[in-house]
*Asks:* 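Structure provided below as structure tokens; questions to follow.
Naming: A, B, ... by sequence-line order, numbering from 1 per chain. Below, all heavy atoms of this structure are taken into account, side chains as well, without hydrogens, waters or symmetry copies.
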2 protein chains.
Amino acid sequence: MDMVEAANSGHPGLPMGAAVMAHQLWTGPLSVDPSQPEWFDRDRFILSAGHGSALLYGLLHLAGFDLPMEELQNFRQWGSKTPGHPENGLTPGVEMATGPLGQGISTAVGMAMAERWLAARFNRPGHAVVDHRTWVIASDGDLMEGVAQEAISLAGHQKLNKLVVLYDDNKITIDGRTDLAFTEDTELKFKSVGWRVLHCDGMDAAAVDAALAEAQTPADGPTVIICRTIIGFGSPNKADSAGVHGAPLGATELDLAKDQLGIPREPKFLVEDDVRAHFAAAMAKGSARRADWEARMQAYAAAHPEDAATLQRIIRGELPAGWDAALFAEEKADATRNQCGRALDAVAGTVVELIGGSADLSGSTKTALKGQASLQATEPGGRNINYGVREHAMGAIVNGMTLHGLRPLGATFLIFSDYCRPSLRLAGLMHCPSLFFFSHDSIGLGEDGPTHQPVEQTMSLRLIPNLNVFRPADGYELQVAVHQAMTQRTTPSCIITTRQTLPMVSPAGSVNHPAMRGGYVLREASAAPQVILVATGSEVSIACEAQIHLEAEGVPTRVVSLPCWEIFEAQDASYRAEVFPLGVPSVSIEAGTTLGWARYAQAHVGLDQFGASAPAERLFEEFGITPENVVKTARALIR
Amino acid sequence: MDMVEAANSGHPGLPMGAAVMAHQLWTGPLSVDPSQPEWFDRDRFILSAGHGSALLYGLLHLAGFDLPMEELQNFRQWGSKTPGHPENGLTPGVEMATGPLGQGISTAVGMAMAERWLAARFNRPGHAVVDHRTWVIASDGDLMEGVAQEAISLAGHQKLNKLVVLYDDNKITIDGRTDLAFTEDTELKFKSVGWRVLHCDGMDAAAVDAALAEAQTPADGPTVIICRTIIGFGSPNKADSAGVHGAPLGATELDLAKDQLGIPREPKFLVEDDVRAHFAAAMAKGSARRADWEARMQAYAAAHPEDAATLQRIIRGELPAGWDAALFAEEKADATRNQCGRALDAVAGTVVELIGGSADLSGSTKTALKGQASLQATEPGGRNINYGVREHAMGAIVNGMTLHGLRPLGATFLIFSDYCRPSLRLAGLMHCPSLFFFSHDSIGLGEDGPTHQPVEQTMSLRLIPNLNVFRPADGYELQVAVHQAMTQRTTPSCIITTRQTLPMVSPAGSVNHPAMRGGYVLREASAAPQVILVATGSEVSIACEAQIHLEAEGVPTRVVSLPCWEIFEAQDASYRAEVFPLGVPSVSIEAGTTLGWARYAQAHVGLDQFGASAPAERLFEEFGITPENVVKTARALIR
């Protein structure tokens, strides 16, 4: 209450209503060690309803994480570790960024799936070195979001029985009572997708304890505890109303609430000594568990040295030595989606934490690892995930597994990257090196038509901060893209591939391939260049053809391939100026929107309208994405 | 089968498996008149699983819509009316574009809600002039998508009992059997959200008829018929397998399938005369119903002339005379979200089909119409919709209601436009003039922090073809944006508003406001301009402040406001060259990504990273979106 009041901004309602259940969880079963927030086998706690951040910060402070009182007092201020919504990387003990509703619970599904996968892969009889739970507090808003419904369904299918969601059922939403728009039978709905459903009075500590205890008993699926709570509990005039959701109580009501709760009005931010002692005692259990785990890891290492070394490597977030030895293989003209499949298989041998799959398009995206089993409840260590037609949950689950140290990939058609865009953005914000593969990347997919043909997607992905977007021109640039994506530690990657065959145009794949710099001169002009043709992906070979014509006409022409703008733009200015010398005009060629290309070119060959249904060659012809049109455009530019 | 084979591309499995149920529906209860595909009181039929387009085209052809055999033979070819996935506007009888899974069923929810709203508003005792059903064929892929789950939940809450979904339950998905990822108890799940659930053997015509009959009996909610079908029915070697989902049968299997189904192998595309006669007889019922409706409309017009005139106007898609009379009211410095609320209320008086609401953020977006009831099952003519925290379904439902002739709006924070992006794109593709209002449009929202602060969203919306994106600088530009959005007939609009107060900088609102041209000279330079400051929204006033400094330093400076790029770019070249004269350098100012701005400027003040949690003024200062930084940037540019 004091935090929100001091900030004059924030959400007191959830913290006040969910305090009891959060307290019982944190001082009860939750297994974390505040002195080592990154301890690998800790329980994961996700406040999916991230607007209740004051609750989380209060818990972290009381539990002894490195979050001093001054940070609570600087809630929502510039430079504080207590932003309006939780952000991992900024605040110790915060597992992920939450706030966009539905993302937290869905990402938690990924964390629980990672835990089970690691346990299946690494635990040995007598050595349960991976054994923890994932706890979530979710709100009605979370449950209304489609991404959450997708993830809940998949979690049930996967029988993730160490995932426990506490549903803060307070019957209040921003615009009023939840029954304005949300009248589901929540119990029945969870049961229909394979969850165990428990109930408790969320304001009654003993009832919460009982439910938490039951939630830890064996089950055939994940558990949701429907906790009936009162939003803004303790506020005599605002509890159980929408008014307490997202605005400070106000000085008078704050005093009255403290009176009702039996807290002195002053000083603000009071934490009494016995509270600190109570939390310290609870957290000591977590520290003991962590110490015990370290001892058990030593025993494990003695008994299973190779497994232990692999697990420790995964925990450190490192790639194995020689992981890329098979990656840079000879390639032939082919669709980059096929080349992508081979590149992934080449890496999968050593990078055992690489997990393939797709949103029900594995045959098309080519992102299922060859010879690997589908990850299922009956095969929890499988290395391909059938996400179903659930692109958004796939994005969140990939993020959750990646935050947990694995390298799963998400894959679908590029057009459907729109369906998981909020999760892609969150990956960037969370510094989470998630892997996404998007095939069928332009009108080149042909007959499926404009509902399936990306036009604006590649550029729109480039707009997202801290996200590397690769559109390789051939199999070698594809290998480079996979290499770059795998080596990222804090940046997610999207690798965009074609349905159609592309000729091989770039040098043989290696760590010295010039595409490693994001953009490079692929074909040099016969003399000082009079024009530059800059292209990506399937249009690079069109640029190469156009160059031949222009050179034949006596126009010295350079071709630049620009597979990854973000990496190119991180190069030093002198390199960039070598590639794009001052004063040399450029033509961009990309089978998508031209908006954005003015950064690199003064004339454009592209597509600023929806596509059409027809064979691909016909479409490139009709929309003028041809060497002839490039030549014409270049001529007009330099005239 | 012949269509897919001739195209050598497409999806035979669904058409073959769903043919029985589709035939029973189309020759049974479906009420359409092929001679008047736009007849207003027709039943709506949505093939949500749009990849089964060959089925829909076959039905339209047999029913006598203007879709000759040549079009079927040109399936998926350039210039045909039979694209790979259905597109409204292109093919008579196609109600909407489907293919991106989940959109069809969700948009259909909007159509059903529109029907009920119109009935509630216009029907009078003895005059049921709006009275039709909405029928959907949906696949497992549709039901897995989050957008569909959101819409299904809201449809149940709204008790839309004239909506009937036929679920093509064929147990096969692209990657194999559905139980790889989808093991929900579908019946229980639909029941949990208030639907009536029926079952039938989808391959048994009589069973389908019985289910269709029962689906038309009174119910307390929408109806789903779970139709057990066999994908690729009739194909001896491919039926009931994923192989028949998305690839032609092949010549041999095609012959064998025809043998099994008792169809002659040759000629291809055979339609026997009795089949035509059978369909003609069925469709005659629809034509009779349409004729009857026209007579009833005349009686209605005689009894209720004003209501009839309004309904006829809505059917024609026209605005009422004088609809904008109250729109251009005097405004004061305020947040554009507040000005937006007033503008909507000013229009709502005459435009009775304007329907407000939001995704549980009405208090923040200010898009609930004042004094109007919430649209609920108990209040089906209410003029505000509580969508719940379901942005994606909101987008689809707005599209569905708009396609049905109403003008509902969707609203949420700009950051969450990402959640409904696939529906925004589809609105553009469908030429559907949907209205979207996105508030809290930048770091100007302050303390909620980077999870809630749009950076790339405004530019990413500009990338979508056929979508007008407005970011008004003040209350008058906001009025212009609302005017422009309301008058669109084939283009959707996004109007982007601020949380924070903006000064009034532009001329008084009117149809002659220069912002009507999308971009204009807001402040002229004291002499021939040496630099142009081009900005949108909250940064226009920053540009105006910077201009004063630059002019004081002796730099003649022009300020251009560019609230709608799409409309500006549709102006003639001479006007655009007046605004941006050749050779005058420009600085762009927008509190978002600079990628894209190179189209108009050579130097940029913007934000190419995630925001932060702090009061808004502090953020503008820290991120350098200030008059001082604009002046500095302009100086460096013209040096």
Side-chain angles (χ1 to χ4, degrees), chain A residues 9 76-78 83-85 97 99-101 141 144-147 149-150 153 157 173-175 180-185 188-189 192-193 360-362 374 386 388-390 392 418-419 421-422 429 447-452 455-456 459-460 463-465 593 595-596 598-599 609-610 613-614 618, chain B residues 9 76-78 83-85 97 99-101 141 144-147 149-150 153 157 173-175 180-185 188-189 192-193 360-362 374 386 388-390 392 418-419 421-422 429 447-452 455-456 459-460 463-465 593 595-596 598-599 609-610 613-614 618:
Chain A
S9 162
R76 296 182 153 236
Q77 303 308 306
W78 179 262
H85 293 81
L101 290 171
M144 283 189 258
E145 289 286 4
V147 58
Q149 287 303 324
E150 291 177 12
S153 175
H157 170 78
T173 186
I174 297 179
D175 279 348
L180 277 171
F182 185 60
T183 46
E184 300 181 348
D185 183 331
L188 207 59
K189 193 168 187 187
S192 76
V193 293
D360 195 36
L361 284 172
S362 294
S374 176
N386 289 90
V389 190
R390 301 184 183 101
H392 202 169
D418 279 359
Y419 273 70
R421 191 170 170 86
L429 182 59
E447 292 88 342
D448 271 349
T451 56
H452 284 56
V455 171
E456 72 278 21
M459 194 62 77
S460 77
L463 294 173
I464 299 177
T593 175
L595 178 54
R599 178 173 283 184
Q609 63 186 91
F610 292 110
S613 174
R618 181 71 184 267
Chain B
S9 162
R76 295 182 153 235
Q77 303 308 307
W78 179 262
H85 293 81
L101 290 171
M144 282 189 258
E145 288 286 4
V147 59
Q149 287 303 322
E150 292 177 10
S153 175
H157 170 78
T173 185
I174 297 179
D175 279 349
L180 277 171
F182 185 59
T183 47
E184 299 181 349
D185 182 331
L188 207 59
K189 194 170 187 186
S192 76
V193 293
D360 196 35
L361 283 173
S362 295
S374 175
N386 288 89
V389 190
R390 301 184 183 100
H392 202 169
D418 279 359
Y419 273 71
R421 191 171 170 86
L429 182 59
E447 291 89 343
D448 271 350
T451 55
H452 283 56
V455 171
E456 72 278 21
M459 193 63 76
S460 77
L463 294 173
I464 299 177
T593 176
L595 179 55
R599 178 172 284 184
Q609 63 186 89
F610 293 109
S613 174
R618 181 69 184 267

*Asks:* Tell me, please, which residues at least two apart from A/T183 pass side-chain hydrogen bond (donor to acceptor under 3.5 Å, both in side chains).
*Replies:*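 Partners of A/T183 by the side-chain hydrogen bond (donor to acceptor under 3.5 Å, both in side chains) criterion, ordered by chain and then number, come out as B/H157.
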*Asks:* Which bit of B/S362 is near chain A, if near means a heavy-atom gap under 4.5 Å: side chain, backbone, both or neither?
*Replies:*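 Both parts, backbone and side chain.
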*Asks:* At a heavy-atom separation under 4.5 Å, does B/H392 approach chain A through its side chain, its backbone, both, or neither?
*Replies:*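 Side chain only.
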*Asks:* Who wins among A/S374, A/P450, A/A97 for the most heavy-atom pairs under 4.5 Å with chain B?
*Replies:*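 Of the options given, most contacts go to A/P450.
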*Asks:* Does any N or O in the side chain of B/D360 come within less than 3.5 Å of the main-chain N or O of A/I174, such that one atom is a donor and the other an acceptor?
*Replies:*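 Judged by distance alone, yes, a pair lies under 3.5 Å.
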*Asks:* For the candidates A/G141, A/P100, A/G449, which exhibits the highest count of non-hydrogen atom pairs separated by less than 4.5 Å from chain B?
*Replies:*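 Most heavy-atom pairs under 4.5 Å with chain B: A/P100.
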*Asks:* Counting only heavy atoms closer than 4.5 Å, note whether B/Q609 contacts chain A via side chain, backbone, both or neither.
*Replies:*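 Backbone of B/Q609 only, per the 4.5 Å heavy-atom cut-off to chain A.
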*Asks:* Show your reasoning for whether side chain to side chain contact (heavy atoms under 4.5 Å, CB included) applies to A/E150 and B/M144.
*Replies:* CA-CA 7 Å; A/E150 291 177 12; B/M144 282 189 258; over 6 Å; no
*Asks:* Which region of B/R618, side chain (C-beta onward) or backbone (N, CA, C, O), has a non-hydrogen atom less than 4.5 Å from a non-hydrogen atom of chain A, or is it both or neither?
*Replies:*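 Looking at B/R618, just its side chain touches chain A.
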*Asks:* Which residue out of B/M459, B/Q77, B/E145 racks up the most heavy-atom pairs below 4.5 Å with chain A?
*Replies:*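 The residue among B/M459, B/Q77, B/E145 with the greatest pair count is B/E145.
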*Asks:* Any idea which of A/P422, A/S153, A/A598, A/G388 has the most non-hydrogen atom pairs under 4.5 angstrom with chain B?
*Replies:*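 Option with the top pair count is A/P422.
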*Asks:* Which bit of B/T173 comes within less than 4.5 Å of chain A, counting heavy atoms only: side chain, backbone, both or neither?
*Replies:*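 For B/T173, backbone and side chain are both near chain A.
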*Asks:* Please determine, among A/L180, A/T593, A/V193, A/D418, the option with the most heavy-atom pairs under 4.5 Å with chain B.
*Replies:*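 Highest number of pairs under 4.5 Å: A/L180.
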*Asks:* Nearest heavy-atom pair of A/G596 and B/L595: which atoms, and what distance?
*Replies:*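 A/G596 and B/L595 have their closest heavy atoms at O-CD1, 3.6 Å.
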*Asks:* So, taking the atom named NZ in B/K189 and the one named CD in A/E184, what distance separates them when rounded to the nearest 0.5 Å?
*Replies:*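 Here the interatomic distance stands at 9.0 Å.
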*Asks:* What closest approach, in Å, do A/I464 and B/E456 show between heavy atoms, and which atom pair accounts for it?
*Replies:*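 Scanning both residues completely, I find the closest heavy atoms to be CG1-OE2, 3.8 Å.
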*Asks:* Output the option from B/A181, B/A614, B/G99, B/P83 having the highest count of non-hydrogen pairs under 4.5 Å with chain A.
*Replies:*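 That would be B/A181.
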*Asks:* So does A/G84 get a backbone contact from the side chain of B/S613, meaning a donor-acceptor N/O pair under 3.5 Å?
*Replies:*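 Yes.
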*Asks:* Any idea which heavy atoms bring A/L429 and B/T451 closest together, and the distance?
*Replies:*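 Minimum heavy-atom separation between A/L429 and B/T451: CD2-CG2, 3.7 Å.
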*Asks:* Under a 4.5 Å heavy-atom cutoff, which of A/V147, A/L101, A/D185, A/L188 has the most pairs with chain B?
*Replies:*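 Ranked by contacts with chain B, first place is A/L188.
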*Asks:* Mark yes or no for whether A/E447, through its side chain, and B/R76, through its backbone, hold a donor-acceptor pair below 3.5 Å.
*Replies:*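 Side chain of A/E447 to backbone of B/R76: no pair is present.
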*Asks:* What residues form a side-chain hydrogen bond (donor to acceptor under 3.5 Å, both in side chains) with A/S460, not counting sequence neighbours?
*Replies:*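 Testing A/S460 for side-chain hydrogen bond (donor to acceptor under 3.5 Å, both in side chains), a comparison that skips the adjacent residues, returns A/R421.
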